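Treat the numbers as computed from the prediction; the structure is a model and nothing was measured.
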Amino acid sequence: MPFSPDIVNLVHRRETGKSLEAPFYTSQEILDLDMELIFGRHWLFVAVEPQLPEPGDCITVDIGKASILILRGDDMEMRAFHNVCRHRGAKLIDEPSATIGNIVCRYHGWTYNDEGKLILAEHMGSDFDKNCHGLKTVHLRSINGLIFICLAEIPPADIEHLAATMAPYLAPHDVVNCKVAHFSELIEEGNWKLTMENNRECYHCEANHPQLTVPLSEFGFGFAPDELDERRADDVRAYEESLEKAHTAWEGCGLPSGEQEYLRDVTGFRTMRLPLKWEGESHTADTKVASKKLLGQLTDAKLGSLSFWTQPNSWHHFMSDHIVCFSVLPVAPGRTMLRTIWLVNKDAVEGVDYQLENLTQVWTLTNQQDAELVRLAQMGCEQPGYQSGPYSQFTEPHVEAFCDWYISRLRDHLTSGTVNMAAAE
C-alpha cells in the first residue's frame, strides 16, 4: 500500500531523546504502516502452550485484518494458519477457542487436516487438485512454551538468539506443564505504542500503582533517580544491595538472573530476575505465594520475579508459583487490546492450592490503572498543544529504547524500498 511523503518525512525526522510526534499515536495512516511493517513482519507473542493442552485444541488471534488459527495436532505439534477457507474465503473458526477434529468450513464443507492439507472438497470435478488448495501457513515458534508467530514470508532470523538466550531463564518455570488459571482482555483507549511505552518504565509506579509497588520495586525497570534526589537515595542503595545479594544466591544454585538486554535488535528483548519486597515470594497483596504448588521442580518460594520483555508487543513475569503474560495488539489508532494470562502449576487446584482473586488481584488492578494513564496520554496527544517532550535519562531509558527500535524498523523498511510510497507531488 502507498504511504505519503509526509509520513515518510515524519519517520525520518524523529528527534532522539524525545517522545514521538502526535501523528504516531493518532494517524490511521501510521497505524496502517505499523500493521504492515511491525505487526506484519516481526515475531509477535500471541499465546502460551497451556492454552492448547490437547490434540485438537485451537485458538484464534486477530492481528489487524488477519485472523490466525493456531492448532495442536494429533502429533502434539502446534501449527498456525490463516483462518480462511481456500474455497470462497469463509472464516473457518469463528470462536476464540475450540476443540476440533479436522478443520471444517461450515459454508461448503471443505475439510482440512491438522497439517492444513485439504482432504475433502466435494463436487469439484476430477481435474481438481486438492494438493494446491491447502491452508496458508504462518510461521510459529514456541520458546519454552511461549508462542510467537510471524506473518512475514521470511521472518527475522534472530529469533534464534532470543530462544537460545532465554531458554535457561525460562526452563525452571516449566511453562508447558502449567495451566491457564485466568485469561482477561482489556481494551485500552489509547494507541498501542502508548501501552508499550507505559510498560517500559516505572517512573509512574509510585504515584499510580499502590498494589504493584508492595511486592515490586520500581528500581528494577530503568528507574535510577539522579544524585540530587536525596529522598530516594537510601531506597536505591538498599535495592542495589538486595539485588546483588539475590543474584549471587540465585546464580549459585544454577538459576540465571543477570540482565540480558537486546532491546534494539530486530527481535528485541530484555530479561532480568528481580528481588521482591517484604516476604518476597510473588506478585500478591501480601507478597507471599498465591499458589501452594510451585512451578516445575522449584522448591524455594523466594526466587523473585523474572521479567521478560519482547519487542514489539509483550511483557511477562515469572515467579516461583505463577506466571503472568501480557500481549498487546492494535485495534484502532486510539484503541488497543491488552491480553493477560495467569498460569499456575497444572496440578494446582483452585480453591485448594490457590484463590483466584488473590492470584489475579495485583495485576487486574494494575492493568486498570495503566489503562487510565494510557487514556489520558492519548487525550493529550490528540490536543493541538501536544509537543514531543524529553525523556528522563534516569527513569525512561527503556521507553527510549522501545521508540528507537520502532523508528529504526520503519526506517529500515522504508529506505530499503519494501513499502510502496506515494510519489511526491
Side-chain angles (χ1 to χ4, degrees), residues 1 3-4 6-46 63-64 148 150-152 155-156 158-159 162 188 190-201 203 221-222 261-270 308-315 326-338 370 374 377-378 380-381 386-393 396-416 418-419 421:
M1 63 182 299
F3 293 95
S4 69
D6 288 344
I7 295 299
V8 177
N9 291 336
L10 191 66
V11 170
H12 285 291
R13 75 168 183 246
R14 188 257 171 161
E15 188 175 356
T16 58
K18 289 187 175 181
S19 60
L20 302 176
E21 294 184 59
F24 284 106
Y25 306 112
T26 62
S27 164
Q28 180 63 53
E29 187 176 4
I30 287 187
L31 180 63
D32 293 340
L33 187 68
D34 291 351
M35 296 314 299
E36 180 175 347
L37 298 187
I38 303 299
F39 288 85
R41 305 196 184 190
H42 291 274
W43 287 101
L44 309 173
F45 169 74
V46 294
I63 302 170
F148 292 78
C150 183
L151 304 183
D158 63 347
I159 189 73
L162 183 153
E188 295 192 352
N191 187 270
W192 73 274
K193 293 183 287 293
L194 292 176
T195 297
M196 293 302 299
E197 290 173 32
N198 178 75
N199 167 258
R200 295 314 199 226
E201 50 92 356
Y203 192 178
F221 301 92
E261 198 268 278
Y262 302 95
L263 289 173
R264 289 176 171 81
D265 287 5
V266 174
T267 304
F269 69 99
R270 175 183 183 266
F308 175 40
W309 299 347
T310 71
Q311 314 283 42
N313 81 316
S314 82
W315 63 92
F326 307 80
S327 62
V328 169
L329 294 171
V331 176
R335 301 190 83 216
T336 299
M337 172 67 77
L338 173 65
D370 281 333
V374 168
Q378 183 71 28
C381 291
Y386 174 84
Q387 182 177 347
S388 298
Y391 293 125
S392 164
Q393 62 177 307
E396 297 171 306
H398 300 315
V399 182
E400 184 167 11
F402 168 74
C403 290
D404 286 349
W405 177 90
Y406 166 73
I407 292 294
S408 294
R409 303 288 74 74
L410 297 191
R411 286 175 178 167
D412 288 348
H413 290 305
L414 290 171
T415 56
S416 67
T418 58
V419 174
M421 293 178 286

*If the plane angle is over 60° it's perpendicular, under 30° parallel, otherwise tilted; pick one for Y25 and Y386.*
perpendicular
_Heavy-atom donor-acceptor pair, E261 side chain to L263 backbone, under 3.5 Å_ = yes
*Sequence neighbours excluded, which residues qualify as side-chain contact (heavy atoms from CB on, under 4.5 Å) partners of D6?*
S4
*Within the side chain of W43, is there an N or O that forms a donor-acceptor pair under 3.5 Å with the backbone of P155?*
no
*Kindly determine whether R409 and R41 satisfy side-chain contact (heavy atoms from CB on, under 4.5 Å), including the steps that lead there.*
CA-CA 10 Å; R409 303 288 74 74; R41 305 196 184 190; over 6 Å; no
*Worked verdict on Y391 versus C403 for side-chain contact (heavy atoms from CB on, under 4.5 Å)*: CA-CA 11 Å; Y391 293 125; C403 290; 3.1 Å; yes
_Minimum-distance pair of heavy atoms, taken over all atoms of L31 and P330_ = CD1-CB, 3.8 Å
_Heavy-atom pair with the smallest gap, counting every atom of S27 and I7_ = OG-CD1, 4.4 Å
*Looking at P390 and K18, what are the two nearest heavy atoms and their distance?*
CA-CG, 4.2 Å
*Quick check: does any side chain N or O of T336 sit under 3.5 Å from a backbone N or O of E188, one acting as donor and the other as acceptor?*
no
*Can you tell which of F308, F269, W405 makes a ring pair (Phe, Tyr, Trp, His ring centres under 6.0 Å) with Y262?*
F269
*Plane angle bin for F221 and W309 - parallel if under 30°, tilted between 30 and 60°, otherwise perpendicular*: parallel
*So, does S327 use its side chain to make a donor-acceptor pair with the main chain of S314 at under 3.5 Å?*
no
*side-chain contact (heavy atoms from CB on, under 4.5 Å) assessment of N313 paired with F39*: CA-CA 9 Å; N313 81 316; F39 288 85; 4.0 Å; yes
*Is the number of heavy atoms from other residues, nucleotides or ligands under 6.0 Å of F326 CZ greater than 12?*
yes
*Compare every heavy atom of H42 with every heavy atom of L37, then report the nearest pair and how far apart it is.*
O-CD2, 3.2 Å
*asked:* Within this structure, what is the OG-CZ distance for the pair S408 and R264, rounded to the nearest 0.5 Å?
replied: 8.0 Å
*Identify the two heavy atoms, one from E197 and one from L20, that lie closest to each other, and give their separation to 0.1 Å.*
OE2-CD1, 4.2 Å
*With R200, which of E400, Q311, H398 fulfils side chain to side chain donor-acceptor pair (under 3.5 Å)?*
Q311
*asked:* Tell me whether N191 contacts the main-chain N or O of T26 through its side chain, where contact means a donor paired with an acceptor under 3.5 Å.
replied: no
_Side chain D158, main chain T267, donor-acceptor under 3.5 Å_ = yes
*Measure across I30 and K193 and return the closest heavy-atom pair with its distance rounded to 0.1 Å.*
CG2-NZ, 4.4 Å
